[in-house]
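First comes the structure, then the notes that go with it.
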Amino acid sequence: MKQKRIDGISIISENGDFFFDSGLPESEPVIPNPSKHRGTATLQQNGSIRFKAAKVSPVGTPPLNTILRTPGLYVKRSSRNFIVTMKFPIFENESETSSLHDDFWNQAEPAILEERNKIKKTF
């Protein structure tokens, strides 16, 4: 890993904001591929700062809108998908589980269709 030493002026605010100015013109190619990094900055009492880049970039999760919420049934919509969560109690009888599953879908389908129609109207 290559390292570069750049002398400059750093400005540290009381609220933790940090700014480093190299004093070089912006067209100076000191760092060939500048990019954004996430990580942890540690500020010491003498003004020294150590930045440790995060090894894994965080994965963004899409926003979720709740479409339907009943006991045992949750329908949410992300930016691309509908997420249906059904909670079933443990039954000995398979027909009871099957009928409960059908009831959940009978509740979820109209809510999903209504949300799709809302999306169509916005476009």
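To the nearest 0.5 Å, atom CD of residue E114 and atom CD1 of residue I119 are 11.0 Å apart. A distance of 4.5 Å separates CD of Q107 from OG1 of T70, quoted to the nearest 0.5 Å. N117 CG to T122 OG1: the interatomic distance, rounded to the nearest 0.5 Å, is 11.0 Å.
Residues that satisfy the salt bridge (charged side-chain N to carboxylate O under 4.0 Å, His left out) test with D7, not counting sequence neighbours, are R5. Applying the side-chain contact (heavy atoms from CB on, under 4.5 Å) rule to N15 yields the partners S13, D17; only residues at least two apart in sequence or on another chain are considered.
If you chain together hydrophobic residues whose side chains sit under 4.5 Å apart, L64 and I67 never meet in one group. The hydrophobic clustering, which links ILVMFWY residues whose side-chain heavy atoms are closer than 4.5 Å, places Y74 and F104 apart.
Applying the 6.0 Å contact sphere to CD1 of I9 captures no more than 12 heavy atoms from other residues, nucleotides or ligands. Heavy-atom contacts from other residues, nucleotides or ligands closer than 6.0 Å to NZ of K4 number more than 12.
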| said: V75 vs E115, test: side chain to side chain contact (heavy atoms under 4.5 Å, CB included). Steps then yes/no. | reply: CA-CA 11 Å; V75 181; E115 187 67 20; over 6 Å; no

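Side-chain atoms of N46 come within 3.5 Å of backbone atoms of S48 as a donor-acceptor pair (strictly under, hydrogens ignored).
Shown are L100, D103, V84, T85; of these, the side chain to side chain contact (heavy atoms under 4.5 Å, CB included) with L73 is made only by V84.
For the pair R77 and F82, the tightest heavy-atom approach, listed with the atom from each and the gap, is CD-CE2, 3.7 Å.
Apart from V30 itself, the hydrophobic cluster it occupies contains I6, I12, F18, F20, L24, I31, L43, I49, where clustering links Ile, Leu, Val, Met, Phe, Trp and Tyr at side-chain heavy-atom distances under 4.5 Å.
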